Amino acid sequence: MSYETKRPPIAVILAANTGFGLSLNTEAGAKSLLSVGGTVILERVIRNCLSCGISQFVLVLGHKADDIKKFVDKTFRGIRVTYVLNERYNTTNTGYSLMLAAPAIGMADFIKLDANVVFDTKILRRLMDSYQPNALCIDRNIMPAGDGVKVTIDEDMHVTHIGGVLNSENAVGGLIGIEKISSKTGKILFSELEKMLDDPSHIQDHCDAAYGILIDKGTDFYALDITGLDWTEVDNEEDFATANALFTRPFMTMSRGQQKALDDAKDRGVTPI
């Protein structure tokens with residue numbers, strides 16, 4: 001595995017939506033503030049980014065925005081965070097939230113993360129180490145049902161189509177909610193989101209709908225296969241239980257060298273203390 005790479009400077013974390021499928025504590029607080037393995041979900045996301053050398057953040061907030069902002073400001077004193085408010089979080093989705101983040105992102109490369117995804121740091125490291133400017137993390141072991149986001153790829157891992165209506169027989173897996181977008185692609189992505197979301201029928205679309213449009217128009221996106229690495233989206237009680245089974249320890253920020261040592265120990269079958 002590689003530990004030397006150019007690092008995209010901005011992490012864009014979409015934390016605006018309520019997550020209606022999870023009833024545990026969402027009435028009292030934000031889903032991203034639930035604790036998994038002794039560490040708050042959003043804290044895990046940010047610490048994963050810090051461990052990979054990302055030092056600049058854009059957080060798109062909506063539901064319980066004040067609570068999330070207070071938590072981040074208290075937990076991570078001194079990091080560079082720009083807060084963007086999605087006042088329409090009840091009637092929009094991640095596509096709209098990402099569009100609102102465009103001015104804060106500017107012309108930078110960025111990594112987009114959904115705030116309800118709990119994941120192994122190795123996933124983000126592999127994404128950042130990828131030489132492809134536009135990469136979508138996929139898991140071959142998940143095949144979303146119904147409207148779930150499926151992708152098809154060619155032999156070079158080039159994404160040929162993306163969308164919920166794909167024939168499952170032709171799809172290779174599903175997106176996990178973590179993507180890398182180049183500054184060049186970001187410019188046309190934000191333009192496409194504006195056009196797409198100008199149509200009321202698309203106001204609830206996710207980011208992947210815009211990725212699919214760009215792919216159909218010739219923009220190159222590549223699939224990063226993270227099959228076998230630990231991650232889960234937390235949308236309901238079953239997901240929450242899965243997350244706590246996968247991630248049983250509190251998470252602390254670590255350097256790339258520390259992470260490499262940990263990965264090497266795991267490869268040798270040594271359980272970290």
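Only a predicted model underlies this, so the values are computations on that prediction, with no experimental measurement involved.
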Distance-only donor-acceptor check, side chains Thr242 and Thr232, under 3.5 Å: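 Not at all, the side chains of Thr242 and Thr232 share no donor-acceptor pair under 3.5 Å.
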Residue pair Thr94 / Asp114, side-chain donor-acceptor N/O under 3.5 Å: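 Checked: Thr94/Asp114 side chains show no N/O donor-acceptor pair below 3.5 Å.
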Report yes if some heavy atom in the side chain of [X] is under 4.5 Å from a heavy atom in the side chain of [Y]; otherwise report no.
X      : Y      : value
Val159 : Asp154 : no
Val12  : Ile10  : yes
Ser130 : Tyr222 : no
Trp231 : Ile142 : yes
Leu214 : Leu189 : yes

Residue pair [X] / [Y]: nearest heavy atoms and the distance that separates them:
X      : Y      : answer
Asn48  : Leu124 : O-CD2, 3.7 Å
Arg125 : Ser51  : NH2-O, 2.7 Å
Ser35  : Asn244 : O-OD1, 4.0 Å

If only atom types and distance count, is the side chain of [X] paired as donor or acceptor with the main-chain N or O of [Y] below 3.5 Å?
X      : Y      : answer
Ser32  : Asn116 : no
Asp109 : Ser183 : yes
Thr75  : Phe71  : yes
Asp120 : Ile123 : no
Thr248 : Gly37  : no
Asp156 : His158 : no
Asn134 : Ile181 : no
Asn17  : Asn90  : no
Arg44  : Val36  : yes
Gln204 : Thr91  : yes

Passing option when Lys180 is tested against Leu224, Leu136, Leu127 for side chain to side chain contact (heavy atoms under 4.5 Å, CB included):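 In the set Leu224, Leu136, Leu127, the residue that makes a side chain to side chain contact (heavy atoms under 4.5 Å, CB included) with Lys180 is Leu127.
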Candidate pair Thr121 and Cys52, rule side-chain contact (heavy atoms from CB on, under 4.5 Å), full reasoning: CA-CA 8 Å; Thr121 311; Cys52 291; 3.8 Å; yes
CD (Glu87) with more than 12 external heavy atoms under 6.0 Å: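 Not more than 12 within 6.0 Å, no.
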Carboxylate-amine/guanidinium proximity below 4.0 Å for Lys122 and Asp230: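 No salt bridge links Lys122 with Asp230.
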Pair Arg77 + Asp73: basic N to acidic O under 4.0 Å: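 No salt bridge links Arg77 with Asp73.
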Geometric cation-pi criterion Arg88 and Tyr96, 6.0 Å radius, 45° cone: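 Judged by the rule (NZ or CZ under 6.0 Å from the ring centre, within 45° of its axis), Arg88 counts as positioned above Tyr96.
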Parallel, tilted or perpendicular: ring planes of Phe110 versus Phe190, cut at 30 and 60 degrees: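 Rings of Phe110 and Phe190: parallel, under 30°.
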